[in-house]
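Since the structure comes first, as structure tokens, the remarks are kept for the end.
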Protein chains: 2
Amino acid sequence: MSEQVSFYSHAKHLLAVDCVIFGYEQGELKLLLYRRTFDPQKGNWSLIGGFLNEDESLEDAAGRVLKQITGLTNIFLQQVFTFSQPDREPNVRVLSAAFVALIRIDQQNQESLEKLGAQWLSVTKLPELIFDHHEMVDRALAFLQNRAAHELAGRELLPERFTFIQLRNLYEAIFQRAFDPGNFRKKVLSLNAIERTNVKNKTESKRGAYYYRFKKKSDPNGDRIFKAGAAGF
Amino acid sequence: MSEQVSFYSHAKHLLAVDCVIFGYEQGELKLLLYRRTFDPQKGNWSLIGGFLNEDESLEDAAGRVLKQITGLTNIFLQQVFTFSQPDREPNVRVLSAAFVALIRIDQQNQESLEKLGAQWLSVTKLPELIFDHHEMVDRALAFLQNRAAHELAGRELLPERFTFIQLRNLYEAIFQRAFDPGNFRKKVLSLNAIERTNVKNKTESKRGAYYYRFKKKSDPNGDRIFKAGAAGF
DNA sequence: CCAAAAGTGTTCGAACTACACCCATGA
DNA sequence: TCATGGGTGTAGTTCGAACACTTTTGG
């Protein structure tokens, strides 16, 4: 990085983080949003975010915000893109780093959620969002799709135990398209990332569907879907 | 984004951009670096960067830096990741957004390059870099590999006209592995992204190899390598 | 005519797709 | 016993990997 003169001659900026928080519930991929409580855009739907402090990284800040809202730590959290158009917010210039977070809806603290007035809304019917938040959601979803295509998704979103149907529903929610049940099952099993329990879910059918669970991640590439390198060349 | 109180109560930060500038020359993928001319780390190898001004986006800032150095505008430029560890630089806290840039080495302005003391160094034998710049390079290279796996690369890096061997060499440089000449040719041709000229390069062989050029990008997905969706599911 | 690079063809297997079929069980 | 979802099997096709083969041309 090339600072020509002194540090003090350069502009300083307000920096925020905004979290695109995905959850999965009742067969739907959902997003945690809240109605903004102050101007500008008071009352309109917004991602959940906060400002960056002096002594923390963007990742720290996003984690802090998430802890505040959901009560959870150790959440899957990844930086996606930094939005920096000078006029992205009116009146004040604020840059914002967008993060994806994946959480299990049943795990989070319902109380702090309600205090904020936050709600889980289905990604298929999102309301209008403030500023460039919709673009943040788009990028976050693309990130999630990319991740789910390269590595078996669900570890952070599904409950501890889940059926194949639930896993497939999750994939169908992420990619907004149908997957062949048989082929999906075989492909996933071939990845060796999940294992069958001896418990069955009998609520959806008479026969009952086995619950599966994710294996411990021994091999860091255990559930990779593609081999390394440029496929096709 | 959720600002609890007034904007003025929040910390402001120095923000920089750093460019990972790739070029391709003599069968090698290269990086434009320079020796830092001031402390800290004076004399050590560094990416080329600059500070973010009040009224520009990060993309603008990166473009400005690139123009300064290479004399070129309309360069391929993409944000990769924002580095924000509080101690990533000693003494002062500076966040930095890393960018990938792709340029044709023969096109750039040699003069402004020399004034800065910048040099093209092969990615296979990089010197030690200051701060977290090496991590920036790693992320940028991953970005480039990803892009080259999904869409035919070379448009921004190769000269106007190039042989198949040159294109294959570029891919071998990007992925650091060999590709089968026959299979590579067939795969690339099937993408319909390049067209043969009637000129041959006779410098490398008696028979001569046809020069090819990239087609105009009519279809924005013209040179996509994968179909949409989650391959494998 | 032959060496060497350019370019084409052929074979094999892995893996994705589509879809038919069997299985288990409660009403 | 039969309707319903759970789960398995199979045939066809596509596509990449490996590698043999043909073409061109200057020396």
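Reminder, nothing fancy here: chain letters follow the sequence lines and each chain counts from 1. Because only heavy atoms are used, hydrogens play no part in the values below, and waters and symmetry mates are left out as well, while side chains stay in.
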B/S/- contact track for nucleotides 18-27 of chain C, protein heavy atom under 4.0 Å: BB---BSBB-

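The interatomic distance linking R177(B) (CZ) with dA17(D) (P) rounds to 7 Å, in whole Å. The CD-P distance, from Q166(B) to dA6(C), rounds to 11 Å in whole Å. Atom CZ of R196(B) is separated from atom P of dA6(C) by 15 Å (rounded to the nearest Å). With rounding to whole Å, L167(B) atom CG is found 14 Å from dA6(C) atom P. Atom CD of E204(A) and atom C1' of dA3(D) are 17 Å apart (whole Å). Distance K187(A) NZ to dT8(D) P: 18 Å, rounded to the nearest Å. Distance, L189(A) CG to dG6(D) P: 15 Å, rounded to whole Å. To the nearest angstrom, P of dA6(C) lies 8 Å from CG of N201(B).
Taking the ring axis of Y210(A) as reference, the NZ or CZ atom of R196(A) stays within 45° of it and closer than 6.0 Å to the ring centre. With a 6.0 Å cutoff to the six-membered ring centre and a 45° limit on the axis angle, R168(A) does not count as a cation-pi contact of F179(A).
Side-chain contact, T70(A) with N109(A): no donor N or O sits under 3.5 Å from an acceptor N or O.
A salt bridge links R213(B) with E195(B): the closest approach of a Lys/Arg side-chain nitrogen to an acidic carboxylate oxygen falls below 4.0 angstrom. A salt bridge links E156(B) with R147(B): the distance from a Lys NZ or Arg NE/NH1/NH2 to an Asp or Glu carboxylate oxygen falls below 4.0 Å.
Under 4.0 angstrom from either OP1 or OP2 of dT8(D) there lies at least one side-chain N or O belonging to R185(A).
When heavy atoms are screened at a 4.0 angstrom cut-off, Y210(B) is found touching the sugar-phosphate backbone but no base atom.
Listed here is the closest heavy atom pair of A153(B) and L167(B): O-CD1, 3.6 Å.
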